[in-house]
Amino acid sequence: EARAAADALMGPLGLVEWVEAARFDAVTALAGCGPAFVYRFIDALAAAGEALGIPGDQALRLALATVEGGALLAAAARDTPAALADKVASPGGSTRAGLNVLDADDALGRLLIETLAASARRNAEMAAAARG
């Protein structure tokens with residue numbers, strides 16, 4: 001009954017997920033720190049566009065629109081984001097060439113695991129310090 005009341009109260013604000021206490025540091029690393037990591041990705045995507053000759057302000061607008069549109073499509077899709085990436089990448093095409101760089105040696109996956117692990121460790125350290 002209390003859970004239903006909490007869901008009803010929090011639901012209008014966004015996604016409501018119930019989390020086991022043991023996973024709180026990891027969930028905070030993903031969902032609490034995650035927006036900052038997305039902002040860094042957007043900035044890096046825009047900087048990469050600028051490095052290829054796109055004016056900086058235009059590259060940032062394009063990067064923001066790309067991430068916004070991709071996130072909206074992924075949220076509405078039945079396919080996983082990995083499947084969506086594969087669907088838009090033609091064999092031998094330019095998207096596939098870029099994905100091959102991100103996928104090589106699971107570079108992107110390993111980077112994000114290290115990123116979230118660092119945040120989760122720090123969450124645990126701060127919680128332990130607060131408990132005294």
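For the single chain, residues carry numbers from 1 onward in sequence order.
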Inset, instruction - Specify the closest pair of heavy atoms between L84 and A77, including all atoms of both residues, with the distance to one decimal. - result: CD1-CB, 3.8 Å
Inset, instruction - Supply the atom-to-atom distance F41 CZ to L112 CG, rounded to the nearest 0.5 angstrom. - result: 9.5 Å
Inset, instruction - Please collect all side chain to side chain donor-acceptor pair (under 3.5 Å) contacts where either partner lies in residues 103-119, sequence neighbours excluded, each pair once. - result: none
Legend entry - Inter- and intrachain pairs under side chain to side chain donor-acceptor pair (under 3.5 Å), touching residues 66-91, at least two apart: D79-K87, D86-R96
Inset, instruction - Output the distance between atom CG (L108) and atom CG (L99), rounded to the nearest 0.5 Å. - result: 10.0 Å
Inset, instruction - Scan residues 121-132 for pairs that pass side chain to side chain donor-acceptor pair (under 3.5 Å), counting only residues two or more places apart or in two chains. - result: R122-E125
Legend entry - M126, CE atom: more than 12 neighbouring heavy atoms under 6.0 Å: yes
Which atom pairs, donor and acceptor, lie under 3.5 Å between side-chain atoms of residues 13-21 and protein residues at least two apart or in another chain?
unit_1, atom_1, unit_2, atom_2, d
W18, NE1, D7, OD1, 2.9
E20, OE2, R23, NH1, 3.2

Inset, instruction - Give the cluster check for L30 versus F24: same hydrophobic cluster or not, with ILVMFWY residues linked at side-chain heavy-atom distances below 4.5 Å. - result: no
Inset, instruction - State, yes or no, whether a side-chain contact exists between I42 and L64 at a heavy-atom distance under 4.5 Å. - result: yes
Legend entry - Residue pairs involving residues 32-42 (criterion side chain to side chain donor-acceptor pair (under 3.5 Å); sequence neighbours excluded): none
Inset, instruction - Could you tell me which non-hydrogen atom of P12 sits nearest to which non-hydrogen atom of A8, and how far apart they are? - result: CD-O, 3.3 Å
Inset, instruction - Can you sort out the partners of A46 under side chain to side chain contact (heavy atoms under 4.5 Å, CB included), two or more places apart, ordered by chain and number? - result: A59, L60, A63
